[in-house]
Each structure stands twice: as structure tokens, then as C-alpha cells.
Amino acid sequence: MLAVKQAPATDAVVDTHCPYCALQCGMTLHGDGTAWTVAARDFPTNKGGLCRKGWTAAALLSAPDRLTTPLIRDRHGMHLRAASWDEALSRIVAGVHAIQARHGKNAIGVFGGGGLTNEKAYLLGKFARVALGTANIDYNGRFCMAAAAAAGLRAFGLDRGLPFPLSDIPGAEIVLMPGGNPAETMPPIMQYFDAQRLRGGKLIVADPRRTATARAADLHLQLTPGTDAALANGLLHVAIRDRLIDADFIAARTNGFAAVQRICKSYWPDRVERITGVPEAQLIRAAHMLGEAATAMVLTARGAEQQRSGTDNVLAYINLLLALGHAGKPHAGYGCLTGQGNGQGGREHGQKADQLPGYRKLDNPAHRAHVARVWGVPPESLPMPGLSAHELLDAMGGAIRGLLVFASNPLVSAPNADRVAGGLGALDLLVVADMFLSATAERADVVLPIAQWAEEDGTMTNLEGRVLRRRRARAPPAGVWTELQVLHALADRLGSKAAFDTEPAHVFDELRRASAGGAADYAGITYARIDAEDGVFWPCPDTAHAGTQRLFLDRFATEDGRARFHPIEFRGAAETPDRDFPYVLTTGRVLSQYQTGVQTGRVPELAAAEPRGFVELHADTARGLQVAEGDLVRLTTRRGSIDLPARITRDIRMDTVFVPFHWAGRARANLLTNAALDPISRIPEFKACAVHIKRVPPATRQEVI
Ligand code: SF4
């Protein structure tokens, strides 16, 4: 346990969940009158395990720079000064009214986060559409799981990260994991893969880096970033050629195989080797491992998804699974290893640009009518779908004149960050609600201090689709409000007729009614049931329903109940190496940091473990560039240039360099990344762009955070 110098008001023992990733490990917060401590809890997801981030989470409760009062930019625009809530809210409402009068209601944008509880994500969507009347709300989850969500919807008719509980993983003979490194991002999940391998199962990892997860795998396919669709098509080519496919399953439970079969004919192993860099022998071995297994899973993560072909990549892997008959049965199927804490629930209940609660669609008249009835507003008053996350940011200073940001830090997390900075600076009104003064909040006109994870009740939906309870351990510090209180107060001042409750339990009951009958149906889930049952899986249409741990066993969620193949041609990354930018830059995460580091960067142990960014490059590449360990290296793409210290390894492809994206400042990774969007999911291409690298002579060094 980690003792933290922050005395709880009274002794307290509170069962809750980690503030960070989508595994949502169970933990217990202990307050003994002198300090808060975290203890791991034997919850079904983490089975008593926590990673370093979870163990140290209590330190967030005593962070010295916690925001406890609203801040307003002074009239010279130079500084943020303390203000009362009344003044801050008045400033926001005056700014909103001025923008709406001049530019219309859609000129206000709302940017949410995948860390918001279901209650907050739901109320934020309602606030945008009803109180602000804007179409333009989206969230940072668009940067994470959107491609997997779009592919799941197209292939299976429903998007849920995992269509089965984690406990099914050990029963899979083979797991193929493209672009995932959970050994570093969510270590406790590795116990499921360890159990799988103890039972004789095998793990295949596809990743440009030999990560901790790849090292634990039986086979590592070290592909070039951006080539997943070619790899998946090549695997299917071999499976078809070597008669490994399951013709009975294809005939009984799917549509559209013939077109996929035609496309895959040209993905000969030697061609796929040239595209992906994966040796032909490894490709054939992987295809046989998958094709000869009785059960197999494909679990994608950001490496395969954060590409301009992200949806295609996932669909190509799903084609492979369907052709092999590894779906719609126990211990088999496709899943996405969701990243953000409530990345799943956050995309189900209305903070996505095109969606209403319960996965209802804004452009469906029946869906609009149902939700409008719950909200007590005319259906025609609801806006139509708005701009996706990156498009919303890209429109700042143009069609978007005001932006309200909740639980997000787009200045660090969005691609092509200098362009985002310019857009933020061009706004007439920027409002940021956060616990700490994030890089985005530093630029705001109004900053609102809000409660953090252990200071409020609510629900989260983890990567399995299991709805969990986050419990309040202590009251927020004086001066701090919850987001529900903020939305209530703003809606009131904006003259909204609809109700905006401040009690999480009441908001959850309203969410249940709004989602009832929808694809993500929470109608039967109650706080009491979550407590009694270690979480409840959606869909759960009524309180007598057990919840749905496993989807698709009898039928897929498409109209005819059959899964759909999609013919996918490999397109590759928007930028490929050339003479000027001869390497591939890929970005990602490290064990001791989470997202943009606004929270984990304030935990002393985590900050000490990984205090700044770095660039990882292959030893032979480094030698060719005369770069030694620790040397400053300048990375330049078509969007910008940053300097980072080198970490030299043999665990990355020679043509690829890796930069984690957790840190703000002039060395942040997203100054370099390409905002090329996947046309279906609108996810940006964080994982591959062309980069030039050179050693920086000491005299020309830039700031390194
Ligand atoms: Fe568990 Fe994720 Fe928290 Fe680590 S960060 S303790 S894996 S929920």
C-alpha cells in the first residue's frame, strides 16, 4: 500500500475502481484518519492485481496543485485569476449567448472524454443538444476505439469492446493480438493470457516493436506500421489456399465471403512479406495456428486501429476470424482492448457526434422520438449529427467559435498539435473543466475545478461491457463542483426547460429510460444490482434479465442475424517514407503514464519512473545516424519538429521509431503526427507517418520537457 498525506475526514473503507484504464480494476480505498491508501480488491477483472498506476492512485487525492476555485482570464488576456462560481458561470453564459447570436447555435462545440462516468457522458450529450442546441459534440474516444467500434458495428451489427468476459480468454487455443501491448498498458489482464498459455494455448502478437507483450508471445509478427490490412488478407490467403477455412460456418452464419475470397487471392505470402516485412514462413505459421485451432480470438488495440485505414484493418482481421469459423461460439470471437477508463460507456450514451443514448442514432426518426420523449423536448428540436472530434477541433476559429472541454486535453492528445493550438487561440470562448490546470486549461478563458474519481458516485462500463460502480470516498475539496452540478447550473442559466439532475443515481435512472430498447440497453441495470453482482453486462433490458455476458452465440446483431464479410484492399498509411522523411514514426504508451499525464504526471512515483518523453530507435539505425544512448535526436515530420533523448534497442524495426505521447510541452509527440482520418470512423492516423531523424548538436537543442 502507498500511504498518502491526506487525512480523510473520518475513517473510511470504500470499494471502488481504478481511475485510469478500461480494465477498471477493483480497488479499496482506506482512510484511517491520517492517510488514504489503495488496496487491491479481488474483483472478477483484476482478481486482486493492480498495476503501478492503480497502486499509486491515492496520491491524486493530495496533489498539491489541485484546482479548487474557478479561474477567469483577465481582461488583458494574459493571466488566469481566481473567480467565484457565479462570475465564472456568468462569463460562460454571456460568451455562449454572444457567439450564438452572431454565429448560430452550432458555433458552440463540446468536447468530452472517455474518462467521464456514464452519468456525466449522458448528461453532457443532453446538455449539448438540449441546453446549447448544438450538433457539435464529440469526445476524445474518437481518437481511441472508434475504428474498432465502426468495424464491429458493420460486421456484427453491434459494437461492444469484448463480446465475452475476460474469463473466456484462457479457453481460446489461439489469441492473435494486432497492435496491443497490455503487458504495459493494463498489466493485470496478462493473467488471462498466462492462464491461456498454461492450458496449452498460444499467443500471437502483431506489432512493429518487440514489446513486453510481444516478448511473452509464442509468435511475434513484426510488421511495418500501417500494413495490418495486408497482413490480415495474407493470413486469409494462406487459410484459403491451405483449406483451413470453415465452410459450414461461413454458409450457416455469414454473408459476403465470395467477394473477400476474390480480393485475398492476390495477397500471396511473398507479396505480403514485401508490404508488411513479416517473413512468409511466419505468415504461413500464424495462418495454420489460427486455422487448425478449435477456438481462436483476435483482440485488436490502438496499433491496428489508429490508422487512416483503421476500420478496414479491423474488418480484415474479422474476415479472417469469420472465414475460420472463430466467432459466435464460446472462447472465440473478435474483441477490442478498449483503452480509456470509460471508453466503452462513454461512446454508448450520447457524447458521440452521431449518437443518442443507448447507441441510438441521431438521424433515425424513431430513435430521436424516443430520446426526446425522455428528455421532454420536441424531437424536431434535437440537432442532427455534428462534427467528429478532429473535425470539430479543425473547425476552431472558423465554424466553431466557442468550445467547452470536459475531462479532455486535446492540445496534447490530438494529432497535428500546433494546428490545434492555433485553433484554440482563435476561439472567442474556451472553457475547460478539469481537476488540474492541463495544457489545454492553461489556454482557457474560463477554467472550472471539478471533482475527481474518488469524490463522486457514478458508473463506468469496462472493456467487457460490464457496468461497474465508482463510489465516492470523500467529499470534493471546498470550491470544487461535480460536472453534473456544472451542467445543471449552466443549463439553468441558459434557460433550458429540460431537467439536469445533479444526483448520479437519478441521472443513471434517466439514462436507463433513455437507453431502454436501444442496442446498449441499460434499462435493467441498477446500482443495487451492480453492487450485488460484481457489475452487470449490457444489454440488460429489464431487472429480471441476467445481463448479457456473451454476445452473438445464437445470432449476430445484424438484421438477418448473420455476420458480414467486407472486402478490404490494403491502402497503407497516408504518408510512407521517402527521401526527405525516410523513417516511420509510430506513437504509443508506457507503463507508468496514462493518456496525457494530467493525472499520472502528478503522482510522484510515476513521474519519477518516466519523467519525460523519449524516442526509441533500433541500434543499427542509431549507429548509422551516429546517435548514442541518451543523445538528443531531432524528429521532423511535415507538421513539426521536436527534440527527444534517444533510447536505443533492438526491439523495434530498423525503419521505425517510437515516441510515447503522454507529455505536454514543445517535445510532445502529437506535434508530429498526421491528422489523416479514417473515412468511416474518423479516427486519426496516430500510428504511422513519415519522419526525418538526426542527432542534435548541443548548440542547437530545443527545449525537452
Ligand atoms: Fe488496472 Fe488499468 Fe488501473 Fe492499471 S491502470 S490498475 S490495469 S485499471
Side-chain angles (χ1 to χ4, degrees), residues 1-2 4 14-30 36-61 113-117 141 144-145 161-162 165-167 169 177 180-194 211-213 216 299 301-302 335-346 407 452-454 458-471 473 534-535 588-603 605-607 609-610 660-662:
M1 286 187 196
L2 182 85
V4 174
V14 181
D15 285 344
T16 188
H17 294 269
C18 176
Y20 305 120
C21 86
L23 192 55
Q24 283 296 288
C25 295
M27 60 170 53
T28 302
L29 273 171
H30 291 267
W36 289 103
T37 54
V38 163
R41 189 156 62 91
D42 188 17
F43 193 74
T45 54
N46 57 312
K47 297 185 184 175
L50 290 177
C51 78
R52 175 187 265 186
K53 296 186 287 282
W55 282 115
T56 56
L60 292 170
L61 297 173
L116 293 173
T117 61
C144 291
M145 292 74 59
L162 298 181
L166 289 165
S167 56
I169 290 174
M177 190 185 294
N181 182 18
E184 289 199 71
T185 55
M186 49 177 68
I189 203 175
M190 292 307 289
Q191 59 191 302
Y192 295 95
F193 300 103
D194 294 343
T211 62
T213 312
L299 304 176
R302 304 306 82 71
C336 154
L337 295 175
T338 300
Q340 290 196 75
N342 200 27
Q344 180 67 52
Q452 63 170 312
W453 112 105
T459 59
M460 307 282 278
T461 304
N462 82 341
L463 76 175
E464 306 166 284
R466 185 195 301 259
V467 185
L468 311 161
R469 279 261 278 139
R470 174 178 281 186
R471 294 183 185 81
D534 277 344
R589 295 159 171 78
V590 298
L591 170 64
S592 56
Q593 295 295 328
Y594 177 71
Q595 296 297 89
T596 62
V598 172
Q599 295 171 93
T600 47
R602 286 174 166 80
V603 175
E605 184 178 325
L606 301 180
E610 207 68 87
F661 71 93
H662 304 289

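All ligand and atom numbering here is 1-based and tracks the order in the structure. Keep in mind it's a predicted model, so treat the numbers as computed, not measured. This chain uses plain numbering: 1 for the first residue, then up along the sequence.
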request  = Examine all N, O or S atoms of C18, backbone included, and report whether one is under 2.8 Å from atom 1 (Fe) of ligand 1.
outcome  =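 Here the distance criterion (N, O or S atom, under 2.8 Å) is not met by C18, so no.
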task = With the side chain counted from C-beta on, respond yes when K47 and P188 share a heavy-atom pair under 4.5 Å apart, and no when they do not.
result =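 No - every pair of side-chain heavy atoms lies 4.5 Å or more apart.
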ask   = Taking the side chain as C-beta and beyond, is there a heavy-atom pair between L299 and F193 under 4.5 Å?
value = yes
query = atom 4 (Fe) of ligand 1: which protein heavy atom is closest, and how many Å away?
reply =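 The closest one turns out to be C51 SG, 2.3 Å.
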remark   = Closest to atom 8 (S) of ligand 1 among protein heavy atoms sits C25 N, 3.3 Å
Within the 4.0 Å heavy-atom shell around [X], which atoms of ligand 1 are there?
| X | result |
| --- | --- |
| Y20 | 5 (S) |
| G54 | 6 (S) |
| Q24 | 8 (S) |
| P188 | 7 (S) |

task = Measure the acute angle between the ring planes of F43 and H17, then classify it against the limits of 30° and 60° as parallel, tilted or perpendicular.
result =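 Ring orientation, 0 to 90° scale: perpendicular.
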request  = To the nearest 0.5 angstrom, please state how far the CG atom of D15 sits from the CZ atom of R41.
outcome  =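 The CG atom of D15 sits 4.0 Å away from the CZ atom of R41.
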message = Below 2.8 Å, can you find an N, O or S atom of C21 next to atom 4 (Fe) of ligand 1?
response =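 For C21, the answer is no, given that no N, O or S atom comes within less than 2.8 Å of atom 4 (Fe) of ligand 1.
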Ligand 1 versus M186: contacting region, heavy-atom distance under 4.0 Å =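 Near ligand 1, M186 shows its backbone as well as its side chain.
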inquiry  = Show, in sequence, the C-alpha distance, side-chain angles and deciding distance for Y594 and R589, and conclude whether the side-chain contact (heavy atoms from CB on, under 4.5 Å) test is met.
reply    = CA-CA 8 Å; Y594 177 71; R589 295 159 171 78; over 6 Å; no
task = Would you sort out whether V38 and L29 count as a side-chain contact (heavy atoms from CB on, under 4.5 Å), showing the intermediate values?
result = CA-CA 5 Å; V38 163; L29 273 171; 3.8 Å; yes
message = Has E610 got a side-chain atom pairing as donor or acceptor with V590's backbone, closer than 3.5 angstrom?
response = no
